[in-house]
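Read through the structure below, which is laid out as structure tokens, and then see the notes.
Chain identifiers are assigned alphabetically (A, B, ...) following the order of the sequence lines, protein sequences preceding nucleic acid strands; residue numbering begins at 1 within each chain. Side chains included, hydrogens not; waters and symmetry mates left out as well; all remaining heavy atoms used.
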There are 2 protein chains.
Amino acid sequence: MTDINSSKPFSGGPNRPRPRTGKSGGNPLFLREEELRQAIEMLFFAYRDFTGEPDKILAERGLGRAHHRVIYFVGRYPGMTVSSLLDILKITKQSLSRVLSQLVQEGYISQEQGSVDRRQRLLTLTDQGHEMERLLTETQRKRIARAYRAAGPEAVEGFRAVMLGIMSSDDDRDRFGDRPE
Amino acid sequence: MTDINSSKPFSGGPNRPRPRTGKSGGNPLFLREEELRQAIEMLFFAYRDFTGEPDKILAERGLGRAHHRVIYFVGRYPGMTVSSLLDILKITKQSLSRVLSQLVQEGYISQEQGSVDRRQRLLTLTDQGHEMERLLTETQRKRIARAYRAAGPEAVEGFRAVMLGIMSSDDDRDRFGDRPE
DNA sequence: AATTTATGTCAGTCATGTTGACATATATGC
DNA sequence: GCATATATGTCAACATGACTGACATAAATT
């Protein structure tokens with residue numbers, strides 16, 4: 001076999017596998033089922049590619065996706081507390097601890113005692129942290145910008161509405177309450 | 001402190017962290033930056049919740065998210081080959097191998113020698129595999145259905161357009177070429 | 001007959017998540 | 001002031017799922 005087809009799965013030929021759709025032709029549920037499955041797959045493919053570039057950059061520096069998340073959200077909410085971060089990421093304190101202390105140690109994040117509640121360690125990015133944040137987020141911002149531009153403003157509204165609907169909690173939806181006017 | 005606020009990060013008070021937006025007020029790039037960051041975060045929150053329920057079900061049965069992906073795509077493309085699966089998942093052969101052989105051993109997936117190319121192992125779900133696939137996918141289908149219903153058909157079109165734009169490769173976009181009419 | 005392809009496997013490593021227990025400092029309620 | 005709750009950190013042990021690199025086999029292709 002030449003390699004003409006090898007990079008394209010299911011690229012043709014009599015034995016090309018076809019999606020299994022469960023119900024048969026005229027059933028009105030058929031389309032709905034197919035539509036929903038496509039959404040499931042789109043989420044998988046889009047998220048896989050969305051995280052791919054930052055993952056590469058991180059790996060070159062001995063960091064992982066978990067570090068990216070922490071850097072991202074600390075950059076987004078400067079002075080946030082550890083518990084806020086735990087609420088957002090929905091991982092355990094121990095999982096965060098490992099990642100966070102590494103980031104502090106390697107100079108990406110600085111901790112400062114809270115003035116109101118002195119038990120809190122308020123988290124902020126160092127200059128190095130900001131630089132890394134920009135480097136990582138830039139790839140994702142470009143990707144989204146490209147998709148938004150290609151799809152148009154109405155599509156963007158639709159995308160946002162569906163994404164909000166997919167989330168489980170109102171608390172998370174509320175983060176997006178203030179639309180950019 | 002009472003727990004009135006503890007479940008809602010940033011729920012108020014003078015010290016509530018605010019998003020850092022980089023550029024200042026009147027800059028037209030400001031809104032764009034905020035809009036793009038919201039998209040980045042929506043992808044994170046939506047995907048986190050989207051995978052949460054299946055992950056729980058899987059964990060109860062000693063399986064993980066990787067098993068779900070394999071079960072899902074084999075259910076979707078019955079008779080698919082191992083290399084097709086590798087192309088879709090974009091993981092290494094070794095990573096897939098462990099997951100796949102466990103699924104075969106535990107009776108979720110059966111392998112059959114290809115008739116055209118006898119090197120191939122064509123993958124299909126067993127009855128038990130189908131049952132598991134339904135169990136797992138049902139939670140995600142319901143979630144998407146709810147989001148689609150709430151957002152409306154135009155929003156769904158927009159969602160699809162943006163998701164396609166986020167993907168890296170035309171090969172993946174092509175999977176969604178045949179719209180449900 | 002030589003090469004390529006499809007698949008499988010072994011050994012080792014790393015990142016990231018988990019649970020459960022325990023420790024410390026600080027804040028809050030009575 | 002004392003008891004309790006909260007915010008944070010830390011230890012040990014473990015599982016999953018990704019990786020690399022090397023090697024093996026059978027079948028297809030050239």
Side-chain angles (χ1 to χ4, degrees), chain A residues 1-7 9 13 15 48 51-52 54-56 58-70 79-87 89-106 109 111-123, chain B residues 1-7 9 13 15 48 51-52 54-56 58-71 79-87 89-105 109 111-123:
Chain A
M1 187 192 279
T2 70
D3 70 353
I4 292 179
N5 288 332
S6 67
S7 69
N15 271 15
R48 186 200 60 188
T51 53
D55 282 355
K56 258 188 213 162
L58 289 156
E60 290 164 6
R61 290 158 178 79
L63 303 175
R65 196 181 296 179
H67 300 89
H68 184 187
R69 291 184 191 130
V70 171
M80 79 185 309
T81 64
V82 172
S83 13
S84 302
L85 202 43
L86 286 172
D87 282 334
L89 300 177
K90 296 223 203 304
I91 58 176
T92 58
K93 196 171 43 163
Q94 296 74 5
S95 299
L96 175 58
S97 174
R98 219 176 332 167
V99 172
L100 185 55
S101 39
Q102 193 185 341
L103 289 172
V104 169
Q105 191 155 15
E106 297 183 8
I109 285 181
Q111 295 175 313
E112 174 182 1
Q113 197 173 44
S115 56
V116 176
D117 184 336
R118 285 186 303 170
R119 292 171 303 181
Q120 296 177 335
R121 309 290 162 85
L122 306 184
L123 307 172
Chain B
M1 185 193 283
T2 69
D3 70 352
I4 291 178
N5 288 331
S6 67
S7 68
N15 272 15
R48 185 200 60 188
T51 53
D55 282 355
K56 258 188 211 161
L58 289 155
E60 290 164 5
R61 289 158 179 79
L63 302 175
R65 195 180 296 177
H67 299 90
H68 184 188
R69 292 185 190 132
V70 171
I71 288 176
M80 80 186 307
T81 64
V82 173
S83 11
S84 302
L85 202 43
L86 286 173
D87 281 334
L89 300 177
K90 296 223 203 305
I91 58 174
T92 59
K93 197 170 45 163
Q94 296 75 7
S95 298
L96 175 58
S97 174
R98 219 175 338 161
V99 172
L100 184 55
S101 39
Q102 192 186 341
L103 289 171
V104 169
Q105 190 155 14
I109 285 182
Q111 294 175 314
E112 175 182 1
Q113 198 173 45
S115 56
V116 177
D117 183 335
R118 287 186 302 171
R119 290 171 304 180
Q120 295 178 333
R121 309 290 162 86
L122 307 183
L123 307 172

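Atom CD of B/Glu112 is separated from atom P of C/dA6 by 19 Å (rounded to the nearest Å). C/dA15 atom C1' lies 13 Å from atom CD of A/Glu106, rounded to whole Å. The distance from atom CG of B/Asp55 to atom P of C/dT16 is 16 Å, rounded to the nearest whole Å. What separates CG of B/Leu96 from C1' of D/dA18 is a distance of 12 Å, to the nearest Å. A/Leu89 has its CG atom 13 Å from the P atom of D/dT8, to the nearest Å. For the pair B/Lys90 NZ and D/dC19 P, the interatomic distance rounds to 12 Å; values are reported in whole Å. If you take CZ of A/Arg118 and P of C/dT28, they are 11 Å apart, rounded to a whole angstrom.
B/Arg48 meets the salt bridge (Lys or Arg N to Asp or Glu O under 4.0 Å) test with A/Asp172; sequence neighbours excluded. Here B/Gln94 pairs with B/Thr92 under the side-chain contact (heavy atoms from CB on, under 4.5 Å) rule; sequence neighbours left out. Not counting sequence neighbours, B/His68 has no partner by the side chain to side chain donor-acceptor pair (under 3.5 Å) test. Checked against side chain to side chain donor-acceptor pair (under 3.5 Å), B/Gln111 has no partners two or more places apart in sequence or in another chain. Qualifying salt bridge (Lys or Arg N to Asp or Glu O under 4.0 Å) partners for B/Arg65, counting only residues two or more places apart in sequence or in other chains: B/Asp55.
Residues from residues 58-70 of chain B placing a heavy atom under 4.0 Å of any atom in DNA chain C do not occur.
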Can you check each nucleotide of nucleotides 7-14 of chain C against protein heavy atoms at under 4.0 Å and return B for base, S for sugar-phosphate only, - for none, in 5' to 3' order?
BBBB----
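Relative to the axis of its first five pairs, the axis of the last five pairs of the helix from C/dA1-D/dT30 to C/dC30-D/dG1 sits at 30°, rounded to 10 degrees.
For the OP1/OP2 pair of C/dT18 and a distance below 4.0 Å, the side-chain nitrogens and oxygens of A/Thr92 include at least one atom meeting the criterion. Between A/Ser95 and C/dT18 there is a side-chain N or O to OP1 or OP2 distance below 4.0 Å.
Scanning both residues, A/Leu58 and A/Gly64, for their nearest heavy atoms gives CD1-O, 3.4 Å. Taking every heavy atom of both residues into account, A/Gly79 and A/Leu122 meet most closely at O-CD2, 3.5 Å. The shortest heavy-atom contact between B/Ser84 and B/Thr81 is OG-OG1, 2.9 Å.
Looking at which nucleotide of DNA chain C each of A/Gln113 and A/Ile91 is closest to, the 5′-most match is held by A/Ile91.
Taken to the nearest 0.5 Å, the CG atom of A/Leu96 stands 5.0 Å off from the CG atom of A/Leu86. Note: B/Leu85 CG to B/Ile109 CD1 = 7.5 Å, rounded to the nearest 0.5 Å.
Evaluation of the salt bridge (Lys or Arg N to Asp or Glu O under 4.0 Å) test over residues 90-105 of chain B, restricted to residues two or more places apart or in two chains, returns none.
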